[in-house]
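The structure under discussion appears below in the form of structure tokens.
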Number of protein chains: 2
Amino acid sequence: MPEPEPRVPLTRDRVLHAAVALADNQGLGSVTMRRLAEAVGAEAMSLYYHVANKEDVLDGLTTVIAREINDTVDKLDLPAHGANWKNAVRHRILSAREVLLRHPWAPSVFETRTTTSPEVLKYYDGLLALMRAGGFSYDLAHHALHALGSRALGFTQELFDPSTGPTTPEETAAILANLADNLPHLAAMMADIVHNDPTSTLGWCDDKAEFEFGLDLILNGLDGLRDSF
Amino acid sequence: MPEPEPRVPLTRDRVLHAAVALADNQGLGSVTMRRLAEAVGAEAMSLYYHVANKEDVLDGLTTVIAREINDTVDKLDLPAHGANWKNAVRHRILSAREVLLRHPWAPSVFETRTTTSPEVLKYYDGLLALMRAGGFSYDLAHHALHALGSRALGFTQELFDPSTGPTTPEETAAILANLADNLPHLAAMMADIVHNDPTSTLGWCDDKAEFEFGLDLILNGLDGLRDSF
DNA sequence: ACCTGAACACCGTTCAAGT
DNA sequence: ACCTGAACACCGTTCAAGT
């Protein structure tokens, strides 16, 4: 019996959860209709009975992840009235981020969706509730959602890629030397960071600390606008 | 003579500029090796002589666009010393954004790169120069780049998609009614925005105003940290 | 040095056919 | 109602062959 449970019938839900598992284990690139069918013990064409097409699978992926986020943040229940709004929003967003860390492929799926899953809207509705409790006007809350952008869901678009940086000090030194000619400020900045923290590798940054820095910058700015906007 | 200039020999540069034109006119999805070859009057396989593979084409795309951005912002030459840093950075970023508006496909290409083009690094180096002139420590400047994220280059990841919203007031009303049950705050926010600005369509937002709101929030926050970080 | 034709291993998707 | 086999129109890419 090589096939795992060939009896249990196919379901949209079973297809989507298999897709999440596939993406978690093998990466998003391996989520093809054919391989997804294989993972679920069926032929590629059988999927189309439960799912409109591949776009629908990707939409479903965001719904599953957003539901996981909502299940997590709904348990928080922090006080949000008045000045507490900031702490409540902060924890909500950092909790969402922890879910996404378990599904590293998820941000790129969220980014490519052209339609917003109701489950994501529900997440936003919860965020809005916290801001309203903090005294935000709807207008300010609206601006806030835009200002947070993908950060509201717990991820940011980093344009340096840390993972491609060099690893040995020799490589680091060589790169800094090359940089110094054409990119003096970048070279100086990296040299300075290496100096301050010799254990840091060039190009590597503490993602969590950077995420929180940017998040707090925005939240503090919004806090200052609460009464006047 | 149906072919346009079959004489002029193929070049990496000619390939990349043809790819930009193709993406501009037909969308990023139509940038395939086969169609790109056709646009340039050759066979698909000829491209591989000037370009490593498709990833290389996409990397090249970001280089071309980043160069266009650099050509634009290098002309600005605004004073950046002291408190002027903010205005200089602001204009630099808004100018970058205007270039990207001419190439709406570019953000999604930047997002998928795993390596950073030297031309992009040059752009960052210029940003760093302005911050340094404003009195930033390297440490703060580093945090600032992370906090700005893709906004430094002039784009943000919006998670609502405005373009898929309804267009008629009737549809708007219907959607708001449905929303009100499960998403009370979202519904109220949208109703409020519609009320404040009857010409606005549900889901449509002034991208430029929202971009500037978020940008200013971050820049103002950074300004407050200039002397203490 | 530069370009190409034929071929390979993949995609997503349709459609008629099976149970 | 649910699943499938064969087929179609595409991909990116290799490789031996042309000039």
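Letters A, B, ... mirror the listed sequences (proteins, then strands); counts begin at 1. These values consider heavy atoms only, across backbone and side chains, with no hydrogens, waters or symmetry-generated copies.
- Atom CE of Met45(A) and atom P of dG12(C) are 10 Å apart (whole Å).
- Ion pair Glu212(B)/Lys208(B) flagged as a salt bridge, since at least one NZ, NE, NH1 or NH2 atom sits closer than 4.0 Å to an Asp/Glu carboxylate oxygen.
- In terms of phosphate contacts, His50(A) brings no side-chain nitrogen or oxygen within less than 4.0 Å of OP1 or OP2 of dA1(D).
- The nucleotide whose nearest atom lies closest to any side-chain atom of Arg34(B) is, among dG12(D), dT4(C), dA6(D), dG12(D).
- Atom CZ in Arg12(A) sits about 17 Å away from atom C1' in dC2(D), given to the nearest Å.
- When rounded to the nearest whole Å, the span between CD of Glu43(B) and P of dT13(D) equals 17 Å.
- Under the 3.5 Å distance criterion, the side-chain polar atoms of Ser46(A) are left unmatched by any main-chain donor or acceptor of Ala42(A).
- Atoms NZ (Lys54(A)) and P (dT13(C)) sit 8 Å apart, rounded to a whole Å.
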Pair assignment for DNA chain D - dot-bracket with | for other-strand partners, Watson-Crick or G-U under 3.5 Å: ||.|||||...|||||.||

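- The CG-P distance, from Leu47(A) to dT14(C), rounds to 13 Å in whole Å.
- With rounding to whole Å, Leu58(A) atom CG is found 14 Å from dC11(C) atom C1'.
- Rounding to whole angstrom units, OH of residue Tyr48(B) and P of dT14(D) are separated by 7 Å.
- Of the possible polar contacts, none joining the Asp56(B) side chain to the Val51(B) backbone as a donor-acceptor pair under 3.5 Å is found.
- Within 4.0 Å of Ser46(B), counting heavy atoms only, lies at least one base atom of the nucleic acid.
- Taking only side-chain nitrogens and oxygens, Tyr49(A) comes nearer than 4.0 Å to OP1 or OP2 of dC2(D).
- Lys75(B) contributes no side-chain N or O that, together with a main-chain N or O of Asn70(B), makes up a donor-acceptor pair within less than 3.5 Å.
- The residue Met33(A) sits close only to the backbone: its heavy atoms come under 4.0 Å of sugar-phosphate atoms, none of a base.
- For dC10(D), the OP1/OP2 oxygens have no side-chain nitrogen or oxygen of Arg35(B) closer than 4.0 Å.
- With respect to the salt-bridge test (charged N to carboxylate O, under 4.0 angstrom), the residues Lys122(A) and Asp74(A) qualify.
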Check step by step if side-chain contact (heavy atoms from CB on, under 4.5 Å) holds for Val64(B) and Asp13(B). CA-CA 9 Å; Val64(B) 172; Asp13(B) 226 64; 6.0 Å; no

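- Distance CG (Asn53(B)) to P (dT14(D)): 8 Å, rounded to an integer number of Å.
- For Ser150(B) (side chain) and Phe155(B) (main-chain N/O), a donor-acceptor pair under 3.5 Å exists by modelled atom type.
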